[in-house]
Amino acid sequence: QVQLVESGGGLVQAGGSLRLSCTASGGSFSNYAMGWFRQAPGKEREFVVAVSRSGYSTSYAAFVKGRYTISRDNAKNRVYLEMTNLMPECTAVYLCAAFLGLGVKLDHGEYDYWGQGTQVTVSS
């Protein structure tokens, strides 16, 4: 059983940056591929980015447009999401997720474990 805890969210002005972290415990982190999703009020959970368990493969949602970067540190059991040039439409709860296996996945239904999320609010 893997537990995931996100941190790093907050209130930022449009054009600003944030770095989210997700810390895993309870499992062998390097066996899990990771993903970040977001969910705004009244909207469906949306894929943001994913990284393979080695960190060599990544996949980004089209709306990211080079503004976000995912990375992971398997020695620290952490995955990070660097977000730059944030816009008000980026406001959402950002959640990290894990699945046991190879490659990357974009479908939230294929992830096995989820964190509680961290709120990101971007003001105009």
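By the rule that hydrophobic residues join a cluster once side-chain heavy atoms approach within less than 4.5 Å of another member, Val120 and Met34 end up as members of one cluster. Met83 and Val48 fall within a single hydrophobic cluster, where Ile, Leu, Val, Met, Phe, Trp and Tyr side chains are chained together by heavy-atom contacts under 4.5 Å. Residues Val104 and Val2 do not share a hydrophobic cluster, defined by chaining ILVMFWY side chains whose heavy atoms lie under 4.5 Å apart. In the hydrophobic cluster analysis, where Ile, Leu, Val, Met, Phe, Trp and Tyr join through side-chain heavy atoms closer than 4.5 angstrom, Leu4 is grouped apart from Phe99. Placement of Phe47 and Val64 in two distinct hydrophobic clusters is found when ILVMFWY residues are connected by side-chain heavy-atom separations under 4.5 Å, directly or transitively.
Atom-to-atom distance recorded for Leu20:CG and Trp36:CH2 is 4.5 Å, nearest 0.5 angstrom. Atom OG of Ser123 and atom CE of Met87 lie 14.0 Å apart (nearest 0.5 Å).
With Phe63 as the aromatic partner, Arg38 meets the cation-pi criteria of under 6.0 angstrom to the ring centre and within 45 degrees of the ring axis.
For the residue pair Arg53 / Ser30, no side-chain donor-acceptor distance below 3.5 Å is found, with atom types taken as modelled.
Leu100 is listed as a side-chain neighbour of Asp112, based on a closest heavy-atom distance under 4.5 Å. Side-chain contact between Lys65 and Asn85 is absent, with no heavy-atom pair separated by less than 4.5 Å. Looking at heavy atoms from C-beta onward, Tyr32 lies out of side-chain contact with Tyr111 at the 4.5 angstrom threshold. For the pair Trp114/Arg45, a side-chain contact is recorded, criterion being any heavy-atom separation below 4.5 Å from C-beta on. The side-chain heavy atoms of Val49 and Tyr68, taken from C-beta on, include no pair separated by under 4.5 Å.
In Glu46, the CD atom is crowded: over 12 heavy atoms of neighbouring residues, nucleotides or ligands sit closer than 6.0 Å.
Minimum interatomic distance between Leu86 and Arg67 (heavy atoms only, all atoms of both residues): CA-NH1, 4.2 Å. A pairwise comparison of heavy atoms in Arg72 and Ser52 identifies NH1-O, 2.9 Å as the closest pair. Annotation for Val79 and Phe29: closest pair N-CZ, 4.1 Å, computed over non-hydrogen atoms. Residues Thr69 and Tyr60 come closest through the heavy atom pair CA-OH, 3.4 Å. The heavy-atom pair separating Val51 from Ile70 by the smallest distance is CG1-CD1, 3.6 Å. The shortest non-hydrogen separation linking Ser124 to Ala14 is CA-CB, 4.3 Å.
Counting only distance, with no hydrogens or angles, the side chain of Thr118 and the backbone of Ser7 share no donor-acceptor pair below 3.5 Å. Side chain of Glu6 to backbone of Cys96: a donor-acceptor contact under 3.5 angstrom is found. Thr91 contributes a side-chain N or O that, together with a main-chain N or O of Val122, makes up a donor-acceptor pair within less than 3.5 Å.
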**Report entry** Leu95 vs His108, side-chain contact (heavy atoms from CB on, under 4.5 Å): CA-CA, chis, key distance, verdict
**Finding:** CA-CA 10 Å; Leu95 306 104; His108 64 81; over 6 Å; no

